[in-house]
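The structure that follows is given in the form of structure tokens.
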Number of protein chains: 2
Amino acid sequence: MGESGLSAGKPTIDDVAALSGVARATVSRVLNGGPNVREEVRQRVLKAVDKLQYKVNMQARFLAGGKTQVLGLIYASDLDSEPNSFYHSGLELGALRACALVGFQLLMHTVNQHSLSKTSKILELVDARRCDGLILTPPFSDDCDLLQELEARNCPVVCISPGLAAQKMASGVGIDDEVAGYEMARYMLQLGHKDFGFIKGLEGHLSAEERFSGFLRALAEAGIAESDVIVARGNFTFRSGVETTAAMLSHAKRPSALICANDDMAVGALFSAHKIGLQIPQDLSIVGFDDTPVSEIIWPPLTTVNQPLKAIGYRAVEMIVERIKAGKTASGPLPLRFDVVPHKVVMRESASPPQG
Amino acid sequence: MGESGLSAGKPTIDDVAALSGVARATVSRVLNGGPNVREEVRQRVLKAVDKLQYKVNMQARFLAGGKTQVLGLIYASDLDSEPNSFYHSGLELGALRACALVGFQLLMHTVNQHSLSKTSKILELVDARRCDGLILTPPFSDDCDLLQELEARNCPVVCISPGLAAQKMASGVGIDDEVAGYEMARYMLQLGHKDFGFIKGLEGHLSAEERFSGFLRALAEAGIAESDVIVARGNFTFRSGVETTAAMLSHAKRPSALICANDDMAVGALFSAHKIGLQIPQDLSIVGFDDTPVSEIIWPPLTTVNQPLKAIGYRAVEMIVERIKAGKTASGPLPLRFDVVPHKVVMRESASPPQG
DNA sequence: CCGACAATTGGTAGCGCTTTCAATATTGCC
DNA sequence: GGCAATATTGAAAGCGCTACCAATTGTCGG
């Protein structure tokens, strides 16, 4: 009953060629916008494509072409570490948006960062030709061994918020955490604070360390030594914020400003402070980093620094596609670069001048 | 300098065949765990694979085999609707975990649910042979037109929380929202509440509607008519929660219990109530749905119902892989099914007996 | 020791598309 | 009008792997 006696199943390029009376190669040309095709022929082919409802089989196209048009986005999954779902979602959304624009697909992949086979799990993706490039999020964006292996395979990579060492091995995108820490400290200093508390995050988490050193730099400029600030270490969770803050506030010398390495801990701090009857921000200013959704929902709304996650994810895709294309034209490898996207201190109500 | 004079570039199956002195087909057999290979030969091939660091090119394997071992996870992205990042992250994490186990990859894809081409955008994924099956999240899991197209293409699909109509067209996973609403209402009733307020979500959002009807059913059983409850409609956001609540509380007859269709709005309600000096839960009990991270961080911690997102995502992958395999063995299509995973009312501190 | 039958292994035709490379058709210019 | 240069089109060689089928080898029972 069909229009023509073509083979069953999905139409292939040959079906289109047959129907439009040209060679397979010609169909391929019009499909790929190649030059040198008479307009009349192009139309004929297009009509056949339309009539047959033909769709190229990417699987085949890429086998022939040696590419996949797929980008891998790698992120860590330990325990059920929900804490970062906000972070990853943001990056992913941005990446997805950019992908849609440039015609790539996004393959998600979680890897247990403590697994011994973490590196091979990731390499497998590129060795098996499942993707053309990788976007690495922390902590993988700092894994120099991994980066080296990827480099050896000539696989385009873009790191999200890589550390200094990693920045020398691959391109990256992120905010300038040191400056963010610096600015936040400046803001608090300017409010009049002199007694600081700082809750650090997990050891080895580079962004957080950077924020801390930026913070220290601002303090140093204001003549405050590191030894004058009460620092504690949490693990980025709400609970750890609650606990470290409770301990810190029972201290003889209570700070007037408490800076937390991320919002979840800041919210925990808020919770702890409320519990012992402190008024925020009158009795204690508390600020965080990240601008998670909670931070503006909590009472009082949290002063924090916003990191444009979607923009970062978006930019990462742009950068990697650029590298992939460059690799194709073989016009020499693109120089490494690190794009810093602007962060923003968002002032809400959890910080005010001391004893305000 | 290499071990043997093999071709440059990535080793192919032929290189392995050559090195181990067997035919390509035999290598393929050992690679795929095929039967009928002498142990001695198998070892020889394996050794060659190892020596060459050979990795199968999935691209090629799947072209030949007609599959991709890739699952597409579709979700909506309107505006910058962050609200659901928690929801999607949970599903994704669960799906990813299951994928790792069954050897599939997860391709993420966002589609603007209001776009005219939304259906074709999704179909393109399967038409272009980029994935073997699709996991649809709301609202796509309710799009019967889409489901029909997919059905026509014989593409395995699993819907997350589909509505009744969709359940008749494809398999699905989710909690029983109606029962969840019913249970929550029962709980509040049992606490002694008689005056209810309900903030609904966006029109047409099935899960939310179901929750509402379950709620109504419990009330009816207790002799309370729908007309006795003050209902308002929000759009699932924090902001809409604060606004609708503000309006509702200025009402002459103020409810003693306020049920919100999701946590974000409940948190907004909490915010609004606090603002006008109400004590929660003494003056007003407020509950939500979803058990988002915020709900246990807020003060007072929110009573809500937990939906095991990761388990749902995980199950969705299991189901779809099952269908894909069934399709392969062509032992007749698998019967449709809807798996309900258990939800849980989590009682925290935002609800108590009235005037408690 | 021989034919029947099962266990192995090799040969090879695709999967559906891109990409030279050669063949043919046009066009421009003296 | 004739020849080189240019625009079009077709033929065929893969991309790397799977799967079907034929060929080869080995194993038994009589």
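All values below come from the heavy atoms of this structure, side chains included, with hydrogens, waters and symmetry mates left out. Chain letters run A, B, ... following the sequence lines, proteins first and then strands; every chain starts at 1.
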Looking at A:K121, I'd like to know if its NZ atom is crowded, meaning that more than 12 non-hydrogen atoms belonging to other residues, nucleotides or ligands lie closer than 6.0 Å.
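Result for NZ/A:K121: open.
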*asked:* Please identify which of these residues, A:I74, A:L91, A:I312, meets the side chain to side chain contact (heavy atoms under 4.5 Å, CB included) condition with A:T137.
replied: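 Only match with A:T137 under side chain to side chain contact (heavy atoms under 4.5 Å, CB included): A:L91.
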So which protein N/O to nucleotides 22-24 of chain C N/O distances come out below 3.5 Å?
none

- Item | Whole angstrom value for the distance that separates C1' of D:dC17 from CG of B:L31 |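 In whole Å, D:dC17 C1' and B:L31 CG are 10 Å from each other.
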Note to self: Rounded to the nearest 0.5 Å, what separates atom CZ in B:R129 from atom NZ in A:K55?
What the structure shows: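 NZ of A:K55 is found 12.0 Å from CZ of B:R129.
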**Study point:** Gap between atoms CZ and P, on A:R129 and D:dG16 respectively (whole Å)
**Key:**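 Distance check: A:R129 CZ to D:dG16 P gives 7 Å.
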I need the CZ-C1' distance between A:F62 and C:dC17, as an integer number of Å.
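In whole Å, C:dC17 C1' lies 11 Å from A:F62 CZ.
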Within this structure, what is the CD-to-P distance between B:Q69 and D:dT18, rounded to whole angstrom?
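After rounding, the reported distance stands at 12 Å.
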Item to complete: Return the minimal non-hydrogen interatomic distance between A:P139 and A:A76, and the atom names on each side.
Response: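 Distance-wise, the nearest heavy atoms are CD-CB, 3.7 Å.
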Integer-rounded Å distance: C:dC17 P and B:D127 CG: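 Atom-to-atom, B:D127 to C:dC17, this comes out as 12 Å.
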> Do B:R130 and B:T68 get their side chains close enough for a donor-acceptor pair, meaning under 3.5 Å?
Replying inline: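 No pair is found: no donor N or O on one side chain lies under 3.5 Å from an acceptor on the other.
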Applying side-chain contact (heavy atoms from CB on, under 4.5 Å) to B:Y54 and B:L31, what does each step give before you reach the verdict? CA-CA 11 Å; B:Y54 168 77; B:L31 254 28; 3.6 Å; yes
**Request:** Locate the shortest heavy-atom distance separating B:A166 from B:S141; write the atom from each residue and the value.
**Result:**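 Closest heavy-atom pair between B:A166 and B:S141: CB-O, 3.2 Å.
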Distance in angstrom units between A:D14 CG and D:dA12 P, rounded: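 Distance check: A:D14 CG to D:dA12 P gives 13 Å.
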- For the pair made of CD1 in B:I13 and P in D:dC15, what is the distance, rounded to whole Å?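 Distance, rounded to whole Å: 14 Å.
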Practice problem: Would you indicate whether the side-chain heavy atoms of A:L101 and A:Y314 approach each other to under 4.5 Å? | Solution: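 Side chain of A:Y314 against side chain of A:L101, heavy atoms only: contact under 4.5 Å found.
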Should the pair B:R24-B:D14 be classified as a salt bridge under the 4.0 Å nitrogen-to-oxygen rule?
->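 Yes, this pair counts.
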Query - Angle of first-five versus last-five pair axes in the helix from C:dC1-D:dG30 to C:dC30-D:dG1, to 10 degrees - result: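 What I find for the helix from C:dC1-D:dG30 to C:dC30-D:dG1 is an axis angle of 40°.
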| said: Salt bridge check, B:E39 against B:R42: does any charged N sit closer than 4.0 Å to a carboxylate O? | reply: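 Result for this pair is yes, salt bridge flagged.
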(message) Please report the distance, rounded to the nearest Å, between CD in B:Q59 and C1' in D:dT18.
(response)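 After rounding, the reported distance stands at 15 Å.
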*Salt bridge or not for B:K325 and B:E322, using N-O below 4.0 Å?*
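Here B:K325 does not pair with B:E322 in a salt bridge, since their nearest N and O are not under 4.0 Å apart.
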- [ ] Name the nucleic acid region contacted by B:V27, choosing base, sugar-phosphate or nothing; use a 4.0 angstrom heavy-atom cut-off, strictly under.
- [x]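 B:V27: no heavy atom of the nucleic acid under 4.0 Å.
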With sugar-phosphate taken as primed atoms, P, OP1 and OP2 and all else as base, the protein-contact string of nucleotides 8-14 of chain C at under 4.0 Å (heavy atoms; B, S, -) is BBBB-BB
Counting only side-chain nitrogens and oxygens, does A:S28 get under 4.0 Å of the OP1 or OP2 atom of C:dC17?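 No, no such contact exists.
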